[in-house]
J.: 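Here it is, the structure in full.
Side chains are part of it too, since the values below use all heavy atoms of this structure and drop only hydrogens, waters and symmetry mates. Protein chains get the first letters and strands the later ones, always in sequence-line order, with residue 1 at the start of each.
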Protein chains: 2
Amino acid sequence: MSEENIKLLKKVGLKITEPRLTILALMQEHKMEHFSAEDVYKLLLEKGEEIGLATVYRVLNQFHEAKILTRHNFEGNKSVFELAPTVHHDHIICVDCGKVFEFNDTVIEERQKQISKEHGIQLENHSLYLYGKCTDIEKCEK
Amino acid sequence: MSEENIKLLKKVGLKITEPRLTILALMQEHKMEHFSAEDVYKLLLEKGEEIGLATVYRVLNQFHEAKILTRHNFEGNKSVFELAPTVHHDHIICVDCGKVFEFNDTVIEERQKQISKEHGIQLENHSLYLYGKCTDIEKCEK
DNA sequence: ATCAATGCAAATCCTTTGCAATCGC
DNA sequence: GCGATTGCAAAGGATTTGCATTGAT
């Protein structure tokens, strides 16, 4: 696994360093979860890893450039990252507690293609975010 | 027109003040354009208006709360605002020529509500952008 | 008169950068 | 060894907030 990651880093032209391997592994352990730079930094601290916050920012940006990670700008003013999904999905975000759900709806995907076609556009890509509030207030801590 | 805006502010429960009226008028003059707080501040300065940047931020947030304005969080670290469209629409953008089409699809809108519900979220808002390329290359100037 | 709104500066939050020390190749 | 990477602290940009002043009703 670490071998795989070393290959991956080489492939995208980044040197093999301990911070990069550690952060990459962390993101892989938490596939489908979304972390801010601060989140990653704290998780590393908890694990006893000594990696500076500035380095976390630098590595996340490099991984994003290399398309290893996807960057999202949800409502609010900070970026969150997730391991680039192999299968496409969209997001639902609670604007109160920040919880994120993922979904993939074939009906919507199909309509998007259809609508694009009607407007003379060959659809290549899209971004869809649904924002709302948890209906179960118990489970929604601000 | 100013009469209209006074009514509008009253309706949403905001007191009639000169900064609010000025900013509201500014946004109306530039329907369909999006401005950051800084943009608005500078435009006001150019017009010789004496409104503090902090007030611009406060007013934009209040207008957003009141749904007079729509807030977008594009890539980058700042919010931009535009006069809330009277009729909701989403966007299709040609990544080559930058052309923008608007559409509103009830099938997609319905599915969004449904999907949110299934995840325990009361949908309040969404952002949907379709990116592609003009199929008619003639009409697509880079 | 009263309570909200404003302006300014200071504070905060998120992120980037300068620079010397350290590490990978 | 040399250039890239890191850590730390300082700088930066966007946005918010505290507080005294001004303004709206």
J.: Let me know the distance between CZ of A:Phe81 and C1' of C:dC14, rounded to the nearest Å.
T.: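 Between C1' of C:dC14 and CZ of A:Phe81: 11 Å.
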J.: Do any side-chain nitrogens or oxygens of B:Thr17 fall under 4.0 Å of OP1 or OP2 in C:dA4?
T.: no
J.: Does a donor on one side chain sit under 3.5 Å from an acceptor on the other, for B:Asn5 and B:Arg20?
T.: no
J.: DNA chain D: B:Ser36 or B:Lys15, which has the more 5' nearest nucleotide?
T.: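 Counting from the 5' end, the first nearest nucleotide belongs to B:Ser36.
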J.: Would you say A:Asn61 places a side-chain N or O within less than 4.0 Å of OP1 or OP2 belonging to C:dT15?
T.: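 For C:dT15, OP1/OP2 do not have a side-chain N/O of A:Asn61 under 4.0 Å.
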J.: Would you kindly say whether B:His126 and B:Asp90 are connected by a side-chain donor-acceptor distance under 3.5 Å?
T.: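 Yes - a donor-acceptor pair under 3.5 Å links their side chains.
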J.: Quick one: A:Phe35 CZ to C:dC14 C1', roughly how many Å, whole number?
T.: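 In whole Å, C:dC14 C1' lies 18 Å from A:Phe35 CZ.
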J.: Quick one: on DNA chain C, does B:Leu14 or B:Ala54 contact a more 5' nucleotide (nearest heavy atom)?
T.: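 Closest to the 5' end, via its nearest nucleotide, is B:Leu14.
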J.: 5'-most contact on DNA chain D: B:Ile16 or B:Tyr57, nearest heavy atom basis?
T.: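 On the 5' side of the pair lies B:Tyr57.
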J.: Just how far, in rounded Å, is P of D:dC8 from CG of A:Leu53?
T.: 11 Å
J.: Any N or O donor-acceptor pair under 3.5 Å from the base of C:dG24 to the side chain of A:Arg20?
T.: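 No pair found.
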J.: Please report the distance, rounded to the nearest Å, between CD in B:Glu18 and P in D:dT21.
T.: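 Going from B:Glu18 (CD) to D:dT21 (P), I get 21 Å.
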J.: Write down the distance between CG (B:Asn73) and C1' (C:dC14), rounded to a whole number of angstrom.
T.: 14 Å
J.: Provide, to the nearest angstrom, the distance between the CG atom belonging to B:Leu9 and the P atom belonging to D:dA24.
T.: 13 Å
J.: Would you call B:Glu29 and B:Lys47 a salt bridge, using N to O less than 4.0 angstrom?
T.: yes
J.: Just compare C:dC8, D:dC8, C:dT15 and give me whichever is closest to any side-chain atom of A:Ala37.
T.: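 Out of C:dC8, D:dC8, C:dT15, the nucleotide with an atom closest to A:Ala37's side chain is C:dT15.
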J.: Please pick, from C:dG7, D:dT6, D:dC8, the nucleotide with the shortest atom-to-atom distance to any side-chain atom of B:Arg58.
T.: C:dG7
J.: Between B:Thr55 and C:dG7, is there a side-chain N or O to OP1/OP2 distance below 4.0 Å?
T.: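 Checking B:Thr55 against C:dG7: at least one side-chain N or O falls below 4.0 Å of OP1 or OP2.
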J.: Which of parallel (below 30°), tilted (30 to 60°) and perpendicular (above 60°) describes B:Phe103 and A:His119?
T.: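 Because their plane-to-plane angle lies in the 30° to 60° range, the rings of B:Phe103 and A:His119 count as tilted.
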J.: Could you state the atom-to-atom distance from CD of B:Glu65 to C1' of D:dT16 in whole Å?
T.: 14 Å
J.: Using a cut-off of strictly less than 4.0 Å, decide whether A:Ser79 has a side-chain nitrogen or oxygen near OP1 or OP2 of C:dC14.
T.: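 No, no such contact exists.
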J.: Which whole-number value in Å describes the distance from A:Glu50 CD to C:dT22 C1'?
T.: 15 Å
J.: If we ignore angles and hydrogens, is there a donor and acceptor under 3.5 Å between the side chains of A:His88 and A:Glu102?
T.: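 No.
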